[in-house]
Amino acid sequence: RSSDLTKAPIGDLVSKLVSLYNGRLKILRICSALESVCDHGLSLPGNMQGLTDEQIAELHLVDEWATRCEASGGHRFNKDPMGCRNGRAPNEKMVDLIKRTISEAKKAISREQMEAGVSVSENVVKDAIDRLRGAMMIVYPMGLPPHEPIRMELEGNEDLSGTQVPPPQLTSTLQNVALID
């Protein structure tokens with residue numbers, strides 16, 4: 001509410017804004033990774049990513065998580081040309097579920113909500129993340145491999161090094177900003 005914002009100390013306001021913005025970015029990262037899952041399945045272990053089938057065979061590497069983390073209803077094979085995902089994409093019914101959930105999550109944090117006068121709060125962000133988590137639990141009831149970026153995002157263990165995402169120090173830096181009249 002605007003009346004709450006005018007009474008809040010600037011540090012608290014900045015902290016809330018940074019938290020909302022970071023939550024929005026997290027949702028968009030999860031949605032992007034889920035779109036890749038729909039196309040090409042789960043992420044390969046780091047030591048297999050980017051290798052050709054011949055290199056994987058020559059090095060005797062095996063994705064032990066491929067059979068442990070099978071999608072509900074089976075999978076369809078769609079090789080990832082980038083070699084980052086295992087090619088075991090969920091079936092169409094599960095893809096529809098994921099895409100619907102992605103659409104709902106993106107809509108919940110969209111600019112259109114703000115333009116319609118619907119506030120995007122921490123609860124809205126949390127609910128969207130919980131819905132994405134729920135969809136993954138339906139599609140992959142046995143869980144996700146530890147190297148899957150979606151799992152890391154949902155557990156708060158995401159590695160954002162090498163990305164354009166600002167470092168976590170941004171939060172404390174912004175909280176210490178002083179306003180000069």
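Between the CD1 atom of Ile56 and the CG atom of Leu61 there is a distance of 6.5 Å, given to the nearest 0.5 Å. A distance of 10.0 Å separates CH2 of Trp65 from CG of Leu144, quoted to the nearest 0.5 Å. To the nearest 0.5 Å, the span separating CD1 on Ile27 from CD1 on Ile102 amounts to 12.0 Å. Ile138 CD1 to Arg133 CZ: the interatomic distance, rounded to the nearest 0.5 Å, is 13.0 Å.
Between Pro149 and the options Ser32, Ser36, Ser43, a side chain to side chain contact (heavy atoms under 4.5 Å, CB included) holds for only Ser43.
Thr101 places no side-chain N or O within 3.5 Å of a backbone atom of Leu132 that could act as its donor or acceptor partner. No donor-acceptor pair closer than 3.5 Å links the side chain of Glu153 to the backbone N or O of Glu158. Checking side-chain atoms of Gln55 against main-chain N and O of Thr52 turns up a donor-acceptor pair under 3.5 Å.
The hydrophobic cluster containing Val139 does not contain Met142, counting ILVMFWY residues as joined when their side-chain heavy atoms lie under 4.5 angstrom apart, directly or transitively. One hydrophobic cluster, built from ILVMFWY side chains closer than 4.5 Å, holds both Leu97 and Ile150. Hydrophobic clustering (ILVMFWY, side-chain heavy atoms < 4.5 Å, transitive): Leu20 and Ile30 are in one cluster. Criterion: ILVMFWY side-chain heavy atoms under 4.5 Å apart, direct or through other members. Under it, Ile109 and Ile129 are part of a common hydrophobic cluster. Cluster membership for Leu44 and Leu51, using ILVMFWY side-chain heavy atoms within less than 4.5 angstrom, is shared.
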Does Leu42 form a side-chain contact (heavy atoms from CB on, under 4.5 Å) with Tyr140? I'd like the steps, not just the answer. CA-CA 10 Å; Leu42 297 174; Tyr140 292 100; 3.7 Å; yes
Exercise for review: With salt bridge (charged side-chain N to carboxylate O under 4.0 Å, His left out) as the test, would you mind laying out the steps for Arg100 and Glu104 before giving the verdict?
Suggested key: CA-CA 6 Å; Arg100 255 192 336 271; Glu104 291 169 5; 5.2 Å; no
Could you walk me through whether Lys106 and Glu35 satisfy the salt bridge (charged side-chain N to carboxylate O under 4.0 Å, His left out) test, starting with their C-alpha distance in whole Å, then the side-chain angles of each, then the deciding distance to 0.1 Å, before giving a yes or no? CA-CA 12 Å; Lys106 284 182 174 181; Glu35 289 166 352; 3.2 Å; yes
Steps toward salt bridge (charged side-chain N to carboxylate O under 4.0 Å, His left out) verdict (Glu122, Lys16): CA-CA 8 Å; Glu122 290 177 346; Lys16 283 186 178 195; over 6 Å; no
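What you find for Val120 and Ala108 is that their closest heavy atoms are CG2-O, 3.7 Å.
At a threshold of 4.5 Å between non-hydrogen side-chain atoms, the residues Leu13 and Ile10 count as touching. Proximity of Asn91 to His75: side-chain heavy atoms (C-beta onward) are nowhere separated by under 4.5 Å.
Contact check on Arg68 versus Glu64 returns a salt bridge, with a Lys/Arg side-chain nitrogen under 4.0 Å from an Asp/Glu carboxylate oxygen. Electrostatic pairing of Asp127 and Arg131 counts as a salt bridge here, judged by a charged N lying under 4.0 Å from a carboxylate O.
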Side-chain atoms of residues 76-85: list all donor-acceptor pairs with protein atoms under 3.5 Å, sequence neighbours left out, distances to 0.1 Å.
unit_1: Arg76; atom_1: NE; unit_2: Pro90; atom_2: O; d: 3.3
unit_1: Arg76; atom_1: NE; unit_2: Glu92; atom_2: OE2; d: 3.0
unit_1: Arg76; atom_1: NH2; unit_2: Cys38; atom_2: O; d: 2.8
unit_1: Asn78; atom_1: ND2; unit_2: Asp39; atom_2: O; d: 2.8
unit_1: Lys79; atom_1: NZ; unit_2: Asp53; atom_2: OD1; d: 3.2
unit_1: Lys79; atom_1: NZ; unit_2: Asp53; atom_2: OD2; d: 3.4
unit_1: Asp80; atom_1: OD1; unit_2: Met82; atom_2: N; d: 3.0
unit_1: Asp80; atom_1: OD2; unit_2: Cys84; atom_2: N; d: 3.0
unit_1: Asp80; atom_1: OD2; unit_2: Arg85; atom_2: N; d: 2.8
unit_1: Arg85; atom_1: NH1; unit_2: Gly41; atom_2: O; d: 3.0
unit_1: Arg85; atom_1: NH1; unit_2: Glu148; atom_2: OE1; d: 3.3
unit_1: Arg85; atom_1: NH1; unit_2: Glu148; atom_2: OE2; d: 3.4
unit_1: Arg85; atom_1: NH2; unit_2: Glu148; atom_2: OE2; d: 3.4

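Considering only residues two or more places apart in sequence or on other chains, Arg24 meets the salt bridge (Lys or Arg N to Asp or Glu O under 4.0 Å) condition with none of them. Qualifying salt bridge (Lys or Arg N to Asp or Glu O under 4.0 Å) partners for Lys126, counting only residues two or more places apart in sequence or in other chains: Asp130.
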